[in-house]
A.B. asks: 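I am attaching a structure below and will ask some questions about it afterwards.
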Amino acid sequence: MTQIEPLYDKKYHCEMCEQSFTTKKVRSRFVKVLRFDTDFAPIYADGFENPNFYYVNVCPNCGYSFTDDFSTYFPPGGKQLIQDKICNQWAHHDYGDKRTIQEAMNTFKLAAYSSTLKKEKHIVSAGLYIRLAWLYRSIDNHEQEMRFLKLALKEYTESYSTGDYKGTQVSELRLMYLIGDLSRRIGQTQDAVRFFSKVIEKQRQSVEPQIIQLAKDRWQEMRDEKVVSGN
């Protein structure tokens with residue numbers, strides 16, 4: 001009987017250079033989440049795969065990097081910009097096999113650059129930055145984690161104000177909570193309180209009671225910390 005491998009090949013079509021390529025993805029049975037951090041970062045069990053390593057697809061032919069959340073639409077001039085800034089500079093590198101954490105981080109940086117040049121939705125860019133921050137957190141690199149949490153917060157805030165999260169899997173309530181939690185993590189206490197309050201205010205009409213509870217928990221933690229620090 002053949003043993004089933006955790007990783008399998010998935011075929012993609014590159015919208016930039018029109019080439020096809022394969023990249024690894026993780027079979028769900030090999031993913032085991034123990035719990036989630038307050039900003040929804042999954043904590044995986046030892047010996048199981050981290051699917052975030054394979055979240056980004058990198059075209060080995062031209063370097064254009066994208067996720068399943070990217071749209072197939074390119075704004076006017078977008079393809080030329082990516083051609084000049086990424087494809088023309090691309091030294092062939094194939095990320096289509098098993099990835100180390102460093103390689104996974106590189107793919108997120110490539111995708112974030114592609115996302116910026118392509119003027120992808122803020123909610124999409126935010127998702128890249130927060131996942132990159134989680135990877136840095138997993139190796140206790142606090143400085144880089146904070147750097148990318150700040151970028152994620154900026155993009156989530158833009159998404160909230162422009163409304164470009166609508167029609168995605170991220171609800172308004174979840175987005176407001178995330179802005180609150182990331183503000184809390186980087187020390188922007190007033191913004192954190194403001195957004196947690198916005199979430200709690202919606203408890204009567206909400207269909208996401210678990211998010212309301214998370215906001216209440218964070219609010220209480222912040223109050224307790226304030227009392228402890230004597231402020």
Side-chain angles (χ1 to χ4, degrees), residues 1-15 19-61 63-72 93-112 114-115 120-121 123-141 144-145 148-149 152 156 165 167-171 173-175 177-178 181-182 185 207-214 217:
M1 205 171 116
T2 54
Q3 191 181 358
I4 294 174
E5 294 294 320
L7 303 178
Y8 68 95
D9 284 326
K10 187 169 180 181
K11 195 171 183 179
Y12 280 93
H13 172 79
C14 176
E15 300 286 345
Q19 299 282 327
S20 292
F21 64 96
T22 60
T23 190
K24 299 289 184 200
K25 297 289 174 186
V26 182
R27 286 191 172 90
S28 55
R29 73 179 77 174
F30 292 95
V31 178
K32 186 180 180 184
V33 178
L34 293 176
R35 64 184 187 282
F36 291 93
D37 232 332
T38 59
D39 61 354
F40 305 124
I43 313 297
Y44 297 102
D46 287 345
F48 285 80
E49 296 289 335
N50 181 342
N52 269 333
F53 277 35
Y54 305 95
Y55 188 74
V56 174
N57 315 308
V58 180
C59 175
N61 183 57
Y64 175 61
S65 307
F66 58 98
T67 71
D68 294 352
D69 297 325
F70 275 49
S71 75
T72 54
H93 192 102
D94 194 347
Y95 285 100
D97 219 330
K98 189 172 173 67
R99 294 174 184 172
T100 62
I101 192 164
Q102 188 57 59
E103 286 172 330
M105 289 168 174
N106 292 347
T107 67
F108 275 101
K109 289 170 186 176
L110 286 165
S114 292
S115 178
E120 194 55 72
K121 284 182 174 183
I123 197 75
V124 172
S125 296
L128 295 169
Y129 289 131
I130 199 170
R131 284 173 172 83
L132 186 48
W134 296 343
L135 289 179
Y136 277 112
R137 186 181 304 164
S138 73
I139 57 165
D140 295 324
N141 186 330
Q144 290 298 318
E145 178 198 339
F148 288 106
L149 285 181
Y156 278 127
Y165 62 90
T168 71
Q169 290 177 320
V170 183
S171 67
L173 204 69
R174 190 181 179 93
L175 180 57
Y177 169 78
L178 257 177
D181 195 62
L182 297 188
R185 283 174 176 271
V207 292
E208 297 173 284
Q210 72 282 12
I211 306 270
I212 304 284
Q213 191 54 53
L214 285 170
D217 292 347

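All values derive from a computational prediction rather than experimental measurement.
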A.B. asks: State the CG-CD distance between L149 and Q144, to the nearest 0.5 angstrom.
C.D. replies: 11.0 Å
A.B. asks: Using a 4.5 Å cut-off on heavy atoms from C-beta on, say whether the side chain of P51 contacts that of Y44.
C.D. replies: yes
A.B. asks: Measure from the side-chain N and O atoms of R35 to the backbone N and O of I43, and report whether any donor-acceptor pair falls under 3.5 Å.
C.D. replies: no
A.B. asks: Drop me the distance from L135's CG to I130's CD1, to the nearest 0.5 angstrom.
C.D. replies: 11.5 Å
A.B. asks: Which of parallel (below 30°), tilted (30 to 60°) and perpendicular (above 60°) describes Y129 and F148?
C.D. replies: parallel
A.B. asks: Quick one: does any side-chain atom of S65 pair with a main-chain N or O of G63 as donor and acceptor, under 3.5 Å?
C.D. replies: yes
A.B. asks: Given side chains that start at C-beta, do those of Y95 and N57 come closer than 4.5 Å, heavy atoms only?
C.D. replies: no
A.B. asks: Could you list the residues that satisfy salt bridge (Lys or Arg N to Asp or Glu O under 4.0 Å) with D39, not counting sequence neighbours?
C.D. replies: R137, R185
A.B. asks: Measuring from atom OH of Y64 to atom CG of L110, what distance do you get when rounded to the nearest 0.5 angstrom?
C.D. replies: 12.0 Å
A.B. asks: Do D181 and T38 have side-chain N/O donor and acceptor atoms under 3.5 Å apart?
C.D. replies: yes
A.B. asks: Heavy-atom distance under 4.5 Å between the side chains of D97 and L7, does that happen here?
C.D. replies: no
A.B. asks: Hey, mind stepping through I212 and L173 against side-chain contact (heavy atoms from CB on, under 4.5 Å) and telling me if it holds?
C.D. replies: CA-CA 8 Å; I212 304 284; L173 204 69; 3.9 Å; yes
A.B. asks: For a 4.5 angstrom cut-off between non-hydrogen side-chain atoms, does M105 reach E103?
C.D. replies: no
A.B. asks: To the nearest 0.5 Å, what is the distance between CG (D94) and CG (N61)?
C.D. replies: 10.5 Å
A.B. asks: Give me the atom names and distance for the closest heavy-atom approach of V56 to A111.
C.D. replies: CG1-CB, 3.7 Å
A.B. asks: Is the shortest side-chain heavy-atom distance between I4 and R29 below 4.5 Å?
C.D. replies: yes
A.B. asks: With sequence neighbours left out, write down each residue that passes salt bridge (Lys or Arg N to Asp or Glu O under 4.0 Å) with K24, or none if nothing qualifies.
C.D. replies: D9
A.B. asks: Testing the basics here: between F70 and F66, what is the closest heavy-atom pair and its distance to 0.1 Å?
C.D. replies: CD2-CB, 3.6 Å
A.B. asks: Keeping K10 on the side-chain end and T22 on the backbone end, is there a donor-acceptor pair under 3.5 Å?
C.D. replies: no
A.B. asks: Under the side chain to side chain donor-acceptor pair (under 3.5 Å) criterion, do E145 and N141 qualify, and how do the steps go?
C.D. replies: CA-CA 6 Å; E145 178 198 339; N141 186 330; over 6 Å; no
A.B. asks: Should the ring pair F108 and Y55 be called parallel, tilted or perpendicular, given that the plane angle runs from 0 to 90° and is split at 30 and 60?
C.D. replies: parallel
A.B. asks: Is it the case that S115 and S125 place a side-chain donor and acceptor less than 3.5 Å from each other?
C.D. replies: yes
A.B. asks: Is any side-chain heavy atom of L175 closer than 4.5 Å to a side-chain heavy atom of Y156?
C.D. replies: yes
A.B. asks: What heavy-atom pair brings E120 and S71 nearest, and what distance separates the two atoms?
C.D. replies: OE1-N, 3.2 Å
A.B. asks: Just checking, any donor-acceptor pair under 3.5 angstrom between side chains of R99 and T23?
C.D. replies: yes
A.B. asks: OG of S138 to CG of N50: how many Å apart, nearest 0.5 Å?
C.D. replies: 7.0 Å
A.B. asks: By salt bridge (Lys or Arg N to Asp or Glu O under 4.0 Å), which residues pair with E49, not counting sequence neighbours?
C.D. replies: K98
A.B. asks: Under a 4.5 Å cut-off applied to non-hydrogen side-chain atoms, are F21 and K11 in contact?
C.D. replies: no
A.B. asks: Do Q102 and N106 have side-chain atoms, one donor and one acceptor, less than 3.5 Å apart?
C.D. replies: yes
A.B. asks: Is there a side-chain contact between H93 and P60, using heavy atoms and a 4.5 Å cut-off?
C.D. replies: no
A.B. asks: For the pair Q19 (side chain) and C59 (backbone), establish whether a donor and an acceptor sit closer than 3.5 Å, ignoring hydrogens and angles.
C.D. replies: no
A.B. asks: Closest heavy-atom contact between L214 and F40?
C.D. replies: CD1-CE2, 3.7 Å
